[in-house]
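Reading through the structure tokens given below for one structure.
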Amino acid sequence: MSTLQIPGVYTEQGLKTEDLVVNIGPQHPSTHGVLRLITTLNGEVVKDMVPVIGYLHRSKEKMAESRSYFQYQPTIDRVEYLSSFFDHSVFVSGIESIAKLKVPKRVKYIRMITMELNRISSHLLWFGTFLLDLGATSTLFYAFREREEIFKLFEDLTGARMMYNYYRFGGVNADLPVGWIEQCREFVQSFPAKIDEYETIVTKNPIFLDRTVGIGLLDFDTCMRYGVTGPSIRATGIPMDLRKDAPYLCYDEVKFDVPVGTHGDVFDRYLVRMAEMRESVKIILQCLDQIPGGDTANVIAKTKEVEAAKEAAKAAGEDPKAVPGVDPDWLSVGQKINLLTYKPPAGEVYHVCESPRGMLGCHMISDGTAKAYRVKWRGASFSNLSVLPELMIGKLYPDLMAIFGSLDVILPEVDR
Amino acid sequence: MSNPNGSKQSVEIKGNLVLGGLQAIGQGMAMVLSHYFRPPVTLEYPEVMPDLSSRFHGRLCLLTKSDGTDLCIGCMSCARVCPCNDLIQIEMHRDSAKKPVVDRFTIDMGRCIFCGNCTEVCPTDCIKMLSDFELSDYSREALVLDKKELTISGAESDKWRRTHGLDPTVE
Amino acid sequence: MNQNSDFPNWLPLLVNKLVELINHTFHTSIALDWTALAPVTLVVWAVIVFSLIALVAQVAVIFLVLMERKILAWLTQRKGPNRVGPWGALQTLADGVKLLFKEDIVPEGANKFLFMMAPAVFFLPAFVFFGLIPFTDKLLAVSLPAGALFVFAISSISVLGLVLAGWASNNKYSLLGGMRSAAQAISYEIPLVMAVLATVLFSGSMNIADIVRAQQGPFWNWYGILLTPLSLLIFFISSLAEVNRVPFDLPEAESELVSGYNTEYTGMKFALFFLAEYAALFAMSGLTVAFFVGGYYSPFGTFLIDLLTPHHETLTGVMSSVYQFGIQCEMLFWFMLKTYLFIFLAMWVRGTLPRLKPDQLMGFSWKFLIPLSIINVFAVAVEKYVMVSDGRSVLTMVPILSIQNNNIGSWFAWIVGVSVVFMAFFMLMSDMLTKKLKARLARR
């Protein structure tokens with residue numbers, strides 16, 4: 001029993017300990033955005049963790065109410081900048097459902113190709129930053145080298161490297177450039193070898209294994225309670241993937257597997273995401289082979305042919321309308337819409353897609369005017385982030401980096 | 001939950017962990033070293049300029065007819081679809097022959113998000129995007145481009161139209 | 001005359017002349033005989049050599065900063081800094097100037113004196129090392145009979161610098177970082193020293209110059225190549241931990257809590273920490289080379305020298321001095337090449353491996369490296385016993401033929417010793433020590 005009386009430190013019972021309240025973020029190199037975690041630490045054990053969000057709130061949903069649909073589209077890219085094609089896809093599908101617009105099959109394939117390429121680039125960024133948080137610096141640069149290739153493809157396609165603004169109501173902005181399909185195929189065929197390279201550096205590394213195996217165990221019930229979707233829930237063993245469960249676009253016409261894990265720890269989430277990149281490669285290759293019309297050069301040639309035939313028919317006095325036109329599935333836009341004055345009919349729809357982080361949804365209410373009445377985004381990262389305190393409480397603090405990195409949380413989607 | 005065919009992902013770590021671990025580390029290090037012998041992917045900007053596509057979202061410009069006269073009719077379509085409020089400011093009046101004359105056309109490039117909405121709705125294919133991305137300047141005011149700075153010559157406009165698949169000459 | 005210090009012949013004469021001059025000018029009467037002048041000569045030589053080495057080391061350390069950035073860049077298919085000076089050579093100078101111009105902030109409530117002393121306490125031991133490492137057989141500042149021990153004693157002082165930095169910053173996160181780095185450094189001192197024990201056993205002396213001299217000859221004579229590669233591995237891993245490099249760089253990891261002990265340091269003090277880390281890396285690599293990789297000896301032995309200068313014994317006068325100077329250059333070249341090879345290895349490891357967690361770090365040291373190094377010492381002792389230690393080349397040390405006395409007792413001892421060693425290695429390599437990780441992998 002200590003007789004030393006230092007106020008506040010020593011008591012008659014012995015040493016008084018105090019829990020340390022630590023603020024992780026909002027300025028922190030590893031919170032993948034601006035997130036504040038108020039952590040109560042007892043030594044190295046986390047006793048409580050409260051995420052504070054809202055630092056990246058940009059009123060994306062409110063902005064939809066003061067802008068016309070076409071005016072709002074460039075801002076959709078920024079709801080979640082790593083998967084902008086997915087954001088666009090749910091919004092544009094929503095309008096197409098409300099207004100019952102026809103979407104040519106070529107457009108659906110183009111959307112699928114771009115979305116899967118976007119998934120690859122998002123997973124590459126996740127891979128690089130996850131390993132960077134764990135301490136390995138080279139893999140970040142390798143991942144970004146591949147991302148650069150994807151950006152070049154997207155730049156040829158849309159003109160921008162990251163904020164694409166490419167999908168339109170009933171179609172896309174412009175058809176694929178001539179030769180793009182070949183370039184895309186070249187990249188995608190060389191990509192699995194790169195994934196093998198990454199796995200050689202990382203997967204069996206004992207330091208990596210020790211930091212990720214058995215850490216951050218997530219089970220299916222917890223996922224259901226918090227609404228965790230995407231690779232995090234697939235790592236628990238349940239093959240929950242919207243592309244298979246409720247196929248949209250033309251996902252039922254391509255063959256691919258849904259990778260699942262076994263135990264739901266950080267290592268399984270890593271494995272699932274690496275496997276998803278390979279599956280995306282498969283999907284893209286099939287789409288490139290099956291796209292109606294093939295390369296744009298074919299479409300242009302066929303269009304010219306049809307026009308020439310129509311001219312010839314007109315010259316010969318026959319009805320030009322009798323000449324069969326270009327296959328409507330080959331078009332890059334369903335019907336011409338005056339983007340300035342477009343007013344979809346009143347209606348309400350909720351469209352959801354499988355983004356790299358999980359279920360990304362857009363609930364849209366249109367009241368028949370040029371501006372939306374309400375647009376609500378269901379962000380996958382919001383639900384994925386909410387499970388973080390449950391995973392961390394009672395665990396050691398240094399595991400935070402591995403767990404948080406493996407959840408793949410992107411703050412713009414959380415705050416919108 | 002309709003598809004039970006998820007493909008299970010797992011990595012088997014068998015054998016001696018110490019030797020296996022050393023081997024894995026060795027393989028990883030060999031893989032990293034192999035990159036030493038590959039050519040660097042660095043682009044030495046500004047000596048080497050990147051190869052941009054023709055659809056690149058660069059600086060906005062106003063094309064002109066082949067003889068250099070204005071193509072803009074002051075319809076305000078571009079200002080109406082711009083996501084940023086009051087970015088494009090246009091003032092026009094009609095002259096005695098009821099032809100539109102644009103008095104003022106300013107774009108604040110400092111606030112422009114380079115989305116390309118304006119370039120799509122222009123009825124006369126006037127406002128377009130160049131491949132110019134080096135837009136930094138010393139003051140915010142200098143980034144506000146007026147009509148004179150935005151307009152490009154007739155010859156340049158023809159070149160732009162030719163490289164972008166439009167009809168080269170416009171009368 | 002101290003046989004070990006190998007200072008050149010002209011030095012005693014120079015000192016003699018100097019003392020005569022002093023006697024003449026100041027009318028003193030210092031004795032001119034050798035017993036009086038020997039310590040003075042030693043000190044003068046130490047100062048000359050140390051200044052030279054410090055100069056070389058400064059340049060080497062400054063070069064290392066650039067080398068790290070360039071190597072990491074080339075390993076990731078980029079070019080490193082190449083704008084400032086040819087091939088980016090002046091980059092470190094630019095960084096240094098930038099840090100000089102930064103505002104020197106001392107946190108409120110920090111212990112000012114300790115705050116200023118910590119970088120110096122961290123920086124100096126790294127430079128003291130340079131006096132003990134034999135760059136060539138003559139370029140050695142001080143030749144201590146217990147050099148190997150002294151080196152590690154000095155390196156422990158730099159740990160004190162880290163703790164001071166953590167404490168004096170008045171920042172609980174820096175304190176945590178400082179404590180962690182102190183724990184790490186202390187844990188990895190033990191395998192470090194035990195790995196060096198192997199070389200001390202082989203060479204029979206703790207004097208670093210002697211250890212290097214015992215590895216004379218081509219590469220098969222070097223301790224780390226044929227005799228005890230395991231010691232080299234243990235020493236290399238522990239030296240990475242001592243210098244706080246990845247995978248052991250938890251104290252300065254950015255993605256963990258904060259930047260550790262150097263959070264509150266700005267400007268030149270930060271630069272001192274930074275440079276001290278590279279100086280320590282250089283010094284540790286130099287020690288690795290000295291202890292295990294033959295120091296300044298060429299891997300071809302004297303083959304190359306004999307090829308290029310076949311009649312070097314017959315040279316006289318100026319040519320002889322030039323020849324000696326050439327030999328020194330050649331030795332320095334090999335030493336530097338080998339040191340930079342190990343530095344490259346450290347940077348290569350940095351680019352590849354992720355960081356160890358604190359419990360992984362301590363577990364790796366206490367539960368794996370230390371038992372391994374203890375067994376290694378036993379193994380080396382057995383090796384030494386069964387081999388003749390008369391300085392012959394390693395290639396002639398065949399165990400069976402050279403057991404002392406060659407009687408049944410020593411054969412038996414040899415068999416028992418080797419079996420014990422093998423069993424121990426087998427046990428170590430088995431999953432007994434990595435049981436926990438395997439269980440985690442299997443059961444999760």
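Because the structure is predicted, anything quoted here is derived from the model rather than measured. First the proteins, then the strands, lettered A, B, ... as listed; each starts at 1.
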Check your understanding: Between H88(A) and Y164(A), does the ring centre distance come in under 6.0 Å?
Key -> no
Exercise. Would you please indicate yes or no on a ring centroid separation below 6.0 angstrom for F85(A) and F154(A)?
Key: yes
Which one of [options] has the most heavy-atom pairs closer than 4.5 Å to chain B?
| options | value |
| --- | --- |
| N173(A), I207(A), D241(A), N338(A) | N173(A) |
| D156(A), V202(A), T158(A) | D156(A) |
| A235(A), P177(A), S66(A), S138(A) | P177(A) |
| Q71(A), R234(A), E197(A), M163(A) | Q71(A) |
| V260(A), L157(A), L340(A) | V260(A) |

Contact origin within [X] toward chain B - heavy atom pairs under 4.5 Å:
| X | answer |
| --- | --- |
| R243(A) | neither |
| R78(A) | side chain |
| F70(A) | both |
| F208(A) | neither |

| said: Just so I understand: if I count every heavy-atom pair under 4.5 Å between each of Q23(B), R80(B), H57(B) and chain A, which residue has the most? | reply: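 Most heavy-atom pairs within the cutoff with chain A belong to H57(B).
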Pair count under 4.5 Å, heavy atoms only, with chain A: among S34(B), C82(B), G116(B), highest is C82(B)
Notebook entry, point to check: Tell me, side chain or backbone of Q27(B) under 4.5 Å from chain A's heavy atoms, or both, or neither?
Noted result: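 Both parts, heavy atoms under 4.5 Å.
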Of the non-hydrogen atoms in M129(B) and F114(B), which two are nearest, and what is the gap between them?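 Closest approach of M129(B) to F114(B): CE-CA, 3.7 Å.
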I152(B) and T64(B) have their tightest heavy-atom pair at O-OG1, 3.0 Å
Kindly assign one of parallel, tilted or perpendicular to the pair Y69(A) and Y342(A), based on the angle between their ring planes and the thresholds 30° and 60°.
-> perpendicular
- [ ] Give me the ring orientation class for Y248(A) and Y251(A): parallel if the planes are under 30° apart, tilted from 30 to 60°, perpendicular past 60°.
- [x] perpendicular
**Prompt:** Cation over ring, K244(A) on F256(A), under 6.0 Å and within 45°?
**Reply:**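 Satisfied, under 6.0 Å and within 45°.
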Could you walk me through whether E146(A) and Y198(A) pass the side-chain hydrogen bond (donor to acceptor under 3.5 Å, both in side chains) test, one step at a time?
CA-CA 11 Å; E146(A) 260 58 77; Y198(A) 307 151; 2.4 Å; yes
